[in-house]
Amino acid sequence: RTDATTGGTSILYEFVKGMVSGIPFGYTLDGVGLVDRVVFAARRDVNGWGVWSTDGTSAGTQLLAGTKGQGLGFTRLGNEAVFFSLGFTSEVWRTDGTQAGTLGVLGLPPGTVVDSDSPTVLGDEVIFVAGDSTTGKELWQTDGTGPGTSLLRDVLPGTAGSDPEDLVRVGDWIYFSAEDGIGGRDLWRTDGTSAGTQLVFSLPFGYPEGPRHLTAFGDLLAFAHGLSGSKDRLYTHDQVTGTLDLVAELAGTGGKPEGIGELTAVGSRRLFFRGYDALHGKELWVSDGTTAGTMLFEDLQPGVDFGAADELLLSDGRLFFVADMLLALESLNHRGIGATAQSIGVGCSAGGRLPRLSAGDPVLGASTEVRIDGAEPGAPIFLFAGPKAAPTGLGSGCFLHLDLAAASFQGFGVTTAAGDWGSLPFLVPNDPALSGAQLTLQAVVGPTATQPLGFDVSSAVLLTLGR
């Protein structure tokens, strides 16, 4: 474990005594936060794997259950987690972080392979990609029970499979790319039902990979799609209007239409990405979703060599990324990018819902709004704002991310039947002196049907004011 200092970095737990590694070289440490613990996979002995939990201390690290293979694809579903034990016989598991609540719920057909990067939550289910010798790789669904785990739709009948990739949730849909054997690899989406798993667009024939880097960009879907002739295009799709807009066309690299990569939504207004053109090479680009608003953000290394921008991440109001500089040395960089709204933490509730708070970028002199989704239906909302603070545990996995002593009440509302709520637009003062100022928002939800004498807590949003 680490607190990001040399002195605060130490071995938390030795899973297998001696020279045998608990997480062998080449394997990925996979896990997920769950209430006030983290559940993850590691070896239980030299011969087998297990699922473990920890509270961040050696004494609080324990084996929950042994598994036939390595646990991967840990995905939080309410107050539990779903994951997959991958071996000769793969299994669907679920855990609540206790030994009694950790169990295998279904053995998948022999030889089934699960794409551990694919699990994506949609409502009360996890959508994932799995392949067997009968259907090939297709979409599956699970609610964490045996009867609730099944093939969602066989998009391409036969053993080849449609090979769904790049699953991402936008609104009430999960978008992905798939091959149906007719028009090549195209853009698809699902609402979690077989009938609602449908082709969205058959794109111009081009690079065999089809739509790439599918990314949620506010209420839009953004993705790249390469054309024949070494051209790469940036598209956005509006799930409400059903429109598909061509935003930009960039040159490809190495004879391949791969001039766009690392699509990363930052705040509510901008999409940063690695872009390539013949003048600058691979550099950091930005888009507001329009052609006019898509441009080179910074020429990190003048000329066509080096530069690039990978591993983009918003933290504390700044954009961090890795760049290739002279002598092929990689360096960690960060830039101030003006107004941003950054999500922090995960909501908590007794009923298993995870209330999520979001906000528009607080641009000086412009209006923005605050929204909640995933809360209990018909529940009161109390919105607070205050200086940012280190997370304070409230018990039962709830954390406060603002300075309560200096916080102020900002508004009240009631969630809809869908568990959503949106504030009225409010104006951010047009005062240059506020540029760079930060404020944390967090909401208390309740009392609710599951918490008649208590409250749920939303995730938080860190607002950085600016242009």
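For the pair Thr95 and Glu80, the minimum side-chain heavy-atom distance is 4.5 Å or more. Put simply, the side chain of Leu463 does not reach to within 4.5 Å of the side chain of Thr440, judged on heavy atoms.
Between Arg274 and Glu283 there is no salt bridge, since no side-chain nitrogen of the basic residue lies less than 4.0 Å from a carboxylate oxygen of the acidic one.
Residues passing the salt bridge (charged side-chain N to carboxylate O under 4.0 Å, His left out) test with Arg269, sequence neighbours excluded: Asp361. Shown here are the ring pair (Phe, Tyr, Trp, His ring centres under 6.0 Å) partners of Trp93, two or more places apart in sequence or in another chain: Phe83. With sequence neighbours left out, Ser150 forms a side-chain contact (heavy atoms from CB on, under 4.5 Å) with Gln141.
A donor-acceptor pair under 3.5 Å is absent between the side-chain atoms of Ser85 and the main chain of Thr67, judged by distance alone.
Each of Asp277, Leu271, Ile260 was evaluated against Trp285; a single residue qualifies, Asp277, per the side-chain contact (heavy atoms from CB on, under 4.5 Å) test.
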Output a table of donor-acceptor pairs, distance under 3.5 Å, between side-chain atoms of residues 419-430 and any protein atom two or more places apart or on a different chain; print 'none' if there are none.
from, atom 1, to, atom 2, distance (Å)
Ser423, OG, Val370, N, 2.9
Ser423, OG, Val370, O, 3.3
Asn430, OD1, Arg467, NH1, 3.1
Asn430, OD1, Arg467, NH2, 3.0

Scan the side chains in residues 117-130 for donor-acceptor partners under 3.5 Å anywhere in the protein, sequence neighbours excluded, and list what turns up.
from, atom 1, to, atom 2, distance (Å)
Ser118, OG, Asp115, O, 2.7
Ser118, OG, Val129, N, 2.9
Thr120, OG1, Ser118, O, 2.9

Name each donor-acceptor pair under 3.5 Å that joins a side chain in residues 400-410 to protein atoms two or more places apart or in another chain, with its distance.
from, atom 1, to, atom 2, distance (Å)
Asp403, OD1, Ala405, N, 3.2
Ser408, OG, Gln410, NE2, 2.8

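Note that the CG atom of Leu234 and the CZ atom of Phe217 stand 9.0 Å from one another [nearest 0.5 Å].
The aromatic rings of Phe15 and Phe40 lie perpendicular to each other, with more than 60° between the two planes, well past the 30° mark.
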